[in-house]
Amino acid sequence: MPLTDPSQLLKESLWQLVAAIPPGQVASYGQLARLAGYPGHARYVGTTLNRLPKGTTLPWFRVLRSSGELAFPPHSAAWKRQKTLLEAEGVKFKGLKVPLKQYQWQA
DNA sequence: ACGTTGACCTTCG
DNA sequence: TCGAAGGCCAACG
């Protein structure tokens with residue numbers, strides 16, 4: 001099989017970063033893009049996470065928007081799933097948002 | 001091949 | 001404080 005093609009490499013470094021987010025803390029898409037060395041590519045972080053394998057163990061739910069809101073439409077199934085997982089780790093919500101001051105991950 | 005889509009961000013009024 | 005506008009780019013049809 002072919003050795004690592006570049007886009008595969010980027011995905012993997014992204015996975016490493018997401019896996020490094022400590023429980024009870026959150027990071028934003030743009031933040032991860034920056035840390036991966038690709039500033040301005042926040043959108044690609046989202047599409048990459050969207051294509052994660054179904055049974056993944058990756059803590060994708062610790063990733064949200066820079067505003068503190070979840071990236072899904074409020075009250076959708078996926079939205080509720082993510083909110084539940086976060087609250088299980090002690091992350092509290094302020095209405096629809098998470099107070100980033102309190103929970104944002106500092107690399 | 002080419003236009004559209006999408007789990008987004010930042011800047012500017 | 002809030003919305004519009006521009007930027008980003010791999011994956012899909």
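Chain A is the first sequence line, chain B the second, and so forth, proteins listed ahead of strands; every chain is numbered from 1. Treat the numbers as computed from the prediction; the structure is a model and nothing was measured.
- Projected onto DNA chain B by closest heavy-atom contact, A:T47 and A:S67 fall at different nucleotides, the more 5' of which corresponds to A:T47.
- The CZ atom of A:R65 sits 15 Å away from the C1' atom of C:dC2 (whole-angstrom rounding).
- Heavy atoms of A:S66 sit under 4.0 angstrom from primed sugar atoms or phosphate atoms, though from no base atom.
- Contacts between residues 26-42 of chain A and DNA chain C, defined by a heavy-atom separation under 4.0 Å, are made by A:G40, A:H41.
- Within the 4.5 Å cutoff, side-chain heavy atoms of A:L86 are placed close to those of A:F93.
- The stretch residues 54-61 of chain A comes close to DNA chain B through A:W60, each having a heavy atom under 4.0 Å from the strand.
- Between A:K11 and the phosphate of C:dA11, there is a side-chain N or O to OP1/OP2 separation shorter than 4.0 Å.
- Counting heavy atoms from C-beta on, the side chains of A:P99 and A:K92 never come closer than 4.5 Å.
- Put simply, the side chain of A:W105 reaches to within 4.5 Å of the side chain of A:L35, judged on heavy atoms.
- Smallest separation of non-hydrogen atoms from A:Y29 and A:A71: OH-CB, 3.3 Å.
- At least one side-chain heavy atom of A:T48 sits less than 4.5 Å from a side-chain heavy atom of A:W15.
- Distances were taken from every side-chain heavy atom of A:R43 (C-beta onward) to each of B:dT10, C:dG7, C:dA11; the shortest belongs to C:dG7.
- Between A:Y38 and A:L14, the closest side-chain pair of non-hydrogen atoms is not below 4.5 Å.
- Regarding A:L52, its CG atom lies at a distance of 12 Å from the P atom of B:dA7, rounded to whole Å.
- Atom C1' of nucleotide B:dC8 and atom CG of A:L70 are separated by 14 Å, given to the nearest angstrom.
- Side chains of A:V45 and A:V18 form no contact here, defined as non-hydrogen atoms less than 4.5 Å apart.
- At whole-Å resolution of the value, CZ in A:R81 and C1' in B:dA7 are 12 Å apart.
- Looking at heavy atoms from C-beta onward, A:L96 lies in side-chain contact with A:H75 at the 4.5 angstrom threshold.
- In this structure, A:Y44 places its OH atom 11 Å from P of C:dC9, rounding to the nearest Å.
- Here the separation of B:dT4 from C:dC8, taken at their C1' atoms, is 15 Å to the nearest Å.
- The minimum heavy-atom distance linking A:L58 with A:T56 is given by the pair N-OG1, 3.1 Å.
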